[in-house]
Structures are given as structure tokens and as C-alpha cells.
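In what follows, a structure is listed as C-alpha cells, so that the remarks can point back to it.
Just follow the structure's listing: the first ligand is 1, and inside any ligand the first atom is 1. Along the sequence shown, the residues carry numbers beginning at 1.
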Amino acid sequence: MPRTPHALIFPLPMQGPVSCMLRLAELLCISGIPVTFLTTDHIHRTLLRHTNVLTRFSRYNNFRFRTISDGLPDDHPRSGERIMEVFEGMKRVTEPVFREMMVSGCFSTESDFPVTVVIPDGVFSFALGVAEEVKVPLIFYDTVSPSALWTYLCLPKLIEAGEVPFNGKDLDVMIKNVPGTETFLRRRDLPSFYRLDDLDNPVTEIILKEARCVPRAHGLILNTFQALDEPVLVHMRTLCPNIYCIGPIHTLYKSRLNKEPVVPTAQKSQLNVSNSLWEENITCLSWLDRQVTRSVIYVSIGSMATMTVDQFFEFWHGLVNSGKPFLWVQRPGSVRGSYDDDQVPKHLVDGTKQRGFITTWVPQEAVLAHSAIGGFLTHSGWNSTIESIMEGVPMICWPQNVDQQVNSRFVSEVWKIGIDIKDTCDRVIVEKAVRDVIDVRRSEFTESTRILGELGSQSVAENGSSVLDLNRLIKTISSL
Ligand code: UDP
């Protein structure tokens, strides 16, 4: 007799992965697959504080939340320079508790059905060992960009070929051992930790484990669509033959939920369902209503990246000097260090009063969809990149770490939908980039972004590639 499926979804406790996995969870619930969503106590509490997840998911009687400790005190920032402590805490506390939970079968006592598939973040290599131990299939969901994941999967080869660590410091040397990217990927476009001289460090260790474990899993879910990443996917399939491209997950999610009778009509009309870990300031949308079409530059460095006070002032000067209106998200803790208000030049204060809107967190998908937005100065996180593509908004990329260096190179050199200003932070460069995106090169960029966004929309339309891959995933999970 076939077993009732039961998916255990386990995201990395960070904004992007949590959003992506909540959406996948809901898509599976709608398809009749029971889901247990395992997240850290900290993320769970934060979601309850700022979102309506409990009400939203209460309509699915096949869904439940479970929580696990991340081993850190409540007041830990879990971002910026202390981000590695999240991984240390998880290694120390979460990994053994997770194993204990799986071995004891505690996820089935509540649901009545044993877990039939584990869907953890791609970076949770430990989950593969546990799943193998309890003989449950595992499908990784890697929420970083496929292009960056491809550089992770190629890391053993890069080390073997002597390309990493870098021999000498010339960051403009081309990389030869990431197939499909030979003509445009330089050392500086690899994830930032590839710049470390010593391979004996915790990040390289995590990435090498990921490179070993991802190909061993039953499958791999990616937040992309085939037309966007096929040149990389074609190579990735040689290592991981069973890939499900179900992106852009936020768009696929909206289009699926729009068709669901179980979703209240009120929610269908405002399907920007928030999974935010900070309180969203929606008044920025009324401010955008008062701006000229495609005139505003939106600025955000996402949920984890930080900048120094000097960099902050370079951005501020560049934005004000560009003469363009700007909407700037300054997440609490995103600027390292402090400054006195009387240090701020008068023309910055005046320029901001005239043309700026500064806030701590916004409903980003709604912001990018607003007709007043003409460009996005971004840290090139993968969610931000794909959300911008879907709204046809060109980007200025200021990448910091993880997949961002790779993403920004694809934006500027492969998709040609923006400007990469990585490894610089200068008011003149920022000012010029803003003018280029909003004025000088506007038609070139908006046209190429529009075409990609169109391909993304086709992938989530009826019989689109992402819809077909989601259906294939659901079928696989039902049959495991
Ligand atoms: N985001 C948001 N409001 C903000 C800034 C960011 O809702 O003010 C969301 C954004 O839409 C994206 C996520 O936070 O989905 C950031 O993910 P991304 O992968 O871009 O970067 P990360 O935060 O992981 O570095």
C-alpha cells in the first residue's frame, strides 16, 4: 500500500531561505502533501511578531510548524560580521537535536504519518547523513543562485587545478574551471570567501561539504527558471541529474494561489503575502505614488549585509548628488559603527528632505512592482535579483558575500540588465551609476530586463517550465 507522503521542510534561518521555503510549503499543502515546517525558535518568534503566518497556514490541516534551537541567545544579531556564529551554533546544538528528532520519529507522532522526504537548505549537509541513517529520501532546496551554487560545486576542481586559493592577488584573472563561465568569470566574481589565502577555514569547509553532499541527494530544487540559467544548468545536471527549477518561486506562488478556492478572495487581491522578519513600512508606497514614473532609485542591501560608516556616507553623497529621488532601506544594524548627526553635511540633509525616503524595511516585492521605480541599487542577493528581473527593474550591483559576487557578474555581463560596481565604494561611481540606470542607459537596460521578466512570466504560466517542474516535484514526493 502506498505510504501517505509527508515532507519535512527545513530552511536556513535567514530571510531569503525562510520566504522561499514557506512558499514551497504552501504549494505542497495545496497539492495535498502534508508538511512539517521546521525552523529555529528565533525565526519562528520573529515570523509570529511581524507576519500573519499562523492565520495563513491555519487553513491547511495538513501543515504544522515545529521549532528547534539555533544555540544562540535571543539578543544575538545573527547577521553581518557575526553571521558565522549562526553556523557554529547550529553545528553545536541544532545538528544533534535534529538527528535525535529524526531518529526518534518525533515528527510522525503529531502528524500520524512518518516523514517520507526531507527538504533542507542546500547548506545543511548534516541533514543528508541523518536522512541516510533513517532511510528517508532527501531533496535539497538551494536558495542561492544556480550560478553561485555551480561555483560551489566546482570548488574541489578549482582547488585541484590550483585556481583556488589565488596565486597572487590579481583579481582580474579569468577562471577556467567553472564550465560555462570561462569567458566572463574572473577571480573577483567568485564568492568572496574564495579570496581567502588559507583553505583551512570554516566557510570553505561548509562549501566543500555542500559540494560533496548536494550531488548525493535524491534531487535538487532551485529558485530559477530554465530560460534564465540554462547555460549553467546544462553543466550542473552532469553532477545533479534531478533538478527542479521552480522559480521565480514568489511569482509561481502568486499565480498558483490566485487559482485556489481555499485562499480567501481578500488575500488574492493583495497577494504580497509577507514573510518579513522586520516590520514593513508600507507608507513608502504612498510616497512612491507621488513620484514620477521610473524616476526613483530603490536602495537595499538585504537582510544580512552591512556597510561601514565611510561606505554609508559615500552612498549617501552619491545618491543625493545624482539628483534622483531615492527610497533607501536602512535595516537596523546594517551600518557598522556610528556617527554624530552634526557630522552630516547640510546638503545631504537638504537633498534627502527634498528627494529621499529612508526607512528600516519595506514590502520589497510591492516596491519593485511600483511604476515609480526606475532602478535598484542592490547587494545582489538572489531573491532581490530575481524579484527585480520579474518587475523589469535594472540593477546597480554592490555585492558583499555568499552568491552576490557571482550574481552581479551575471547581471552585468550575461543578462546585461545592470551595472556591477563590486569592489568599489565611491560617491562619484554611485552618482554615475544612478544616472546611467535612470537616464543615460535606461532604454537599453529596461528592454533587456523586460525580455527576461517576460521569459520568467512564461515559465510560471500554464505549461511553463517552472509549473511543469513543480508538478514533477509533487509527483516525485507523492511517490517516494
Ligand atoms: N526584503 C524585503 N524588504 C526589505 C528588504 C528586503 O522584503 O526592505 C526581502 C526581499 O524581497 C528578498 C529578501 O528580503 O526577498 C532578501 O533576500 P536576498 O536573497 O535578496 O538577500 P539576503 O537578505 O539573503 O542577503
Please confirm whether W328 and F312 have ring centers closer than 6.0 angstrom. yes
Ligand 1 atoms nearer than 4.0 angstrom to some heavy atom of Q15 are 13 (C), 14 (O)
One finds that the ligand 1 atoms under 4.0 Å from a non-hydrogen atom of G381 are 18 (P), 19 (O), 20 (O), 21 (O)
Under 4.0 Å from one or more heavy atoms of G302, ligand 1 contributes atoms 23 (O)
Closest heavy-atom approach to atom 6 (C) of ligand 1 among Q404, H250, M304, Q364 is made by Q364
Numbered in order shown, the ligand 1 atoms found under 4.0 Å of a heavy atom of S300 are 5 (C)
Nitrogen or oxygen atoms of H379 and ligand 1 under 3.5 Å apart: yes
query: Would you say ligand 1 has an N or O under 3.5 Å from any N or O of E365?
result: no
So the atoms of ligand 1 within less than 4.0 Å of a heavy atom of W382 turn out to be 19 (O)
### Query
Taking both backbone and side-chain atoms of V329, is any N or O found less than 3.5 Å from an N or O belonging to ligand 1?
no
When distances are taken from atom 17 (O) of ligand 1, the protein heavy atom at minimum range is N383 CB, 3.6 Å
If you scan protein heavy atoms around atom 1 (N) of ligand 1, the nearest is W361 CZ2, 3.3 Å
**NZ/NE/NH1/NH2 to OD/OE distance under 4.0 Å, R92 and E88** = no
Next on the checklist: As a quick check of understanding, evaluate side-chain contact (heavy atoms from CB on, under 4.5 Å) for W150 and L233, giving each step before the final call.
Outcome noted: CA-CA 8 Å; W150 183 225; L233 293 169; over 6 Å; no
| field | Test log, rule side chain to side chain donor-acceptor pair (under 3.5 Å), inputs N275 and T51 | value | CA-CA 6 Å; N275 294 321; T51 74; 5.7 Å; no
- prompt: Does a donor on one side chain sit under 3.5 Å from an acceptor on the other, for N407 and S380?
  reply: no
Exercise for review: Using the six-membered ring wherever Trp is involved, compare the ring planes of F126 and F124 and label them parallel, tilted or perpendicular (cut-offs 30° and 60°).
Suggested key: tilted
*asked:* Quick one: does any side-chain atom of S448 pair with a main-chain N or O of F445 as donor and acceptor, under 3.5 Å?
replied: yes
Of all protein heavy atoms, the one nearest atom 8 (O) of ligand 1 is V362 N, 2.9 Å
Sequence neighbours excluded, the answer for ring-ring contact (aromatic ring centres under 6.0 Å, His included) partners of W415 is F410
Notebook entry, point to check: Is the side chain of R195 donor-acceptor paired with the backbone N or O of F166 at a distance under 3.5 Å, no angle test?
Noted result: no
Under 3.5 Å: N/O of S303 near N/O of ligand 1: yes
- Item | Backbone of V144 reached by a side-chain donor or acceptor of D403 within 3.5 Å | no
Any heavy atom of E387 under 4.0 Å from ligand 1? The part involved is side chain
Atom 16 (C) of ligand 1: closest protein heavy atom, distance to 0.1 Å, is S384 OG, 4.2 Å
